[in-house]
**Student:** 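A single structure is presented below for examination.
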Amino acid sequence: MAHVSVLSILLMVACVSASAGATSVDVSPTDFVRSSCGATRYRDLCFRCLAPYAAAVRRDPRRLARAAMSVSADRARSASAFVSQAVARAKWNGPRDAGAVRDCLENMADSVDRLRQSAKELDRAGRSGDRAASDFAMHMGNVRAWCSAALTDENTCLDSLSDRCSSSVRAAVRPKVVEVAQVTSNALALVNRLWPN
């Protein structure tokens with residue numbers, strides 16, 4: 001009888017251990033995205049933008065950061081197109097408006113380029129294979145630098161609008177650029193989680 005009790009206890013311990021391990025693996029991709037977005041400044045926006053990519057991300061932090069950079073680049077490109085269309089329809093209050101919007105468009109184009117570079121560099125960081133950790137660190141340093149530069153470009157655009165634009169032009173353009181900056185901030189936060197050095 002004692003032999004059966006010991007066997008029962010061992011079997012029970014094995015079942016409890018297996019179920020405890022299964023819960024960490026059974027986190028859904030959507031829950032992974034939600035949890036990862038908890039480390040960003042704009043959590044709700046992060047989740048709204050990245051939840052559609054949950055199945056492709058499959059609980060992989062690198063894929064999530066890559067998706068975040070792609071979303072940010074797409075939003076920046078879309079905001080640039082919106083600003084260009086708004087410029088075509090706007091009634092300017094003088095050359096200051098035109099100059100500020102032109103500067104903003106240049107900054108947004110730079111932002112798109114940097115975000116696309118960041119995404120490509122993140123892909124390269126994953127291919128280092130047996131190479132030294134210094135190669136990975138170099139690639140991730142580039143990803144972080146370009147993503148940070150993209151955020152700087154977006155903030156420079158906002159500063160240009162705030163300093164030199166009429167309130168009507170600023171009201172039309174600013175919300176789009178603010179959202180791009182927030183999405184880029186989230187992408188940078190997810191990159192920093194990948195490589196916290």
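Since the model is a prediction, treat every value here as computed from it, not as a measurement.
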**Student:** May I have the step-by-step check of side chain to side chain donor-acceptor pair (under 3.5 Å) for N186 and R41, ending in yes or no?
**Tutor:** CA-CA 6 Å; N186 287 343; R41 181 174 288 173; over 6 Å; no
**Student:** Test your reading of the model: is there a side-chain donor-acceptor pair from D31 to the backbone of V27, 3.5 Å cut-off?
**Tutor:**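 Answer holds: no.
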**Student:** Look at the side chain of T40 and the backbone N and O of C37, then say whether any donor-acceptor pair between them is shorter than 3.5 Å.
**Tutor:**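 Yes, because the side chain of T40 sits within donor-acceptor range (under 3.5 Å) of the backbone of C37.
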**Student:** Judged by atom type as modelled, is there a donor-acceptor pair below 3.5 Å linking the side chain of R114 to the main-chain atoms of C147?
**Tutor:**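 No: the side chain of R114 does not pair with the backbone of C147.
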**Student:** CD/Q117 to CZ/R124 distance, rounded to the nearest 0.5 angstrom?
**Tutor:**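 If I round to the nearest 0.5 Å, the distance is 8.5 Å.
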**Student:** Kindly indicate whether the side chain of L64, heavy atoms from C-beta on, has any atom under 4.5 Å from the side chain of L194.
**Tutor:**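 They are not in contact (no side-chain heavy atoms under 4.5 Å apart), so the answer is no.
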**Student:** So, do S36 and R193 sit near enough that their side-chain heavy atoms are less than 4.5 Å apart?
**Tutor:**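 A side-chain contact under 4.5 Å exists here.
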**Student:** May I ask you to establish whether R34 and F47 are in a cation-pi arrangement, using a distance under 6.0 Å from NZ or CZ to the six-membered ring centre and at most 45° from the ring axis?
**Tutor:**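 Relative to the ring axis of F47, which defines the angle, R34 lies inside both limits.
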**Student:** Answer yes or no: is there a side-chain heavy-atom contact under 4.5 Å between H139 and V143?
**Tutor:**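 They are not in side-chain contact.
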**Student:** Can you confirm whether S185 sits close enough to L188 that some side-chain heavy atom of one is under 4.5 Å from a side-chain heavy atom of the other?
**Tutor:**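 No; the side chains remain at least 4.5 Å from each other.
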**Student:** Taking the side chain as everything from C-beta on, heavy atoms only, tell me whether L45 gets closer than 4.5 Å to V183.
**Tutor:**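 Touching, per the 4.5 Å side-chain cut-off.
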**Student:** Would you give the length of the straight line joining atom CE of M108 to atom NZ of K176, rounded to the nearest 0.5 angstrom?
**Tutor:**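 Separation between the atoms: 10.5 Å.
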**Student:** Under 3.5 Å, side chain of S72 to main-chain N/O of A68, donor-acceptor pair present?
**Tutor:**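 Not confirmed, S72 side chain does not pair with A68 backbone.
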**Student:** Closer than 3.5 angstrom, by distance alone: can the side chain of S111 be matched with the main-chain N or O of N107 as a donor-acceptor pair?
**Tutor:**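 No; zero donor-acceptor contacts below 3.5 Å.
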**Student:** Using a 3.5 Å distance criterion without hydrogens, assess whether the side chain of S78 forms a donor-acceptor pair with backbone atoms of D74.
**Tutor:**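 It does not hold such a pair.
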**Student:** Might you work through the salt bridge (charged side-chain N to carboxylate O under 4.0 Å, His left out) test for D103 and R164, ending with a clear yes or no?
**Tutor:** CA-CA 10 Å; D103 289 349; R164 300 176 13 217; 2.8 Å; yes
**Student:** Can you tell me how far the CG atom of N155 sits from the OG atom of S160, to the nearest 0.5 Å?
**Tutor:**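 Between atom CG of N155 and atom OG of S160 there are 12.5 Å.
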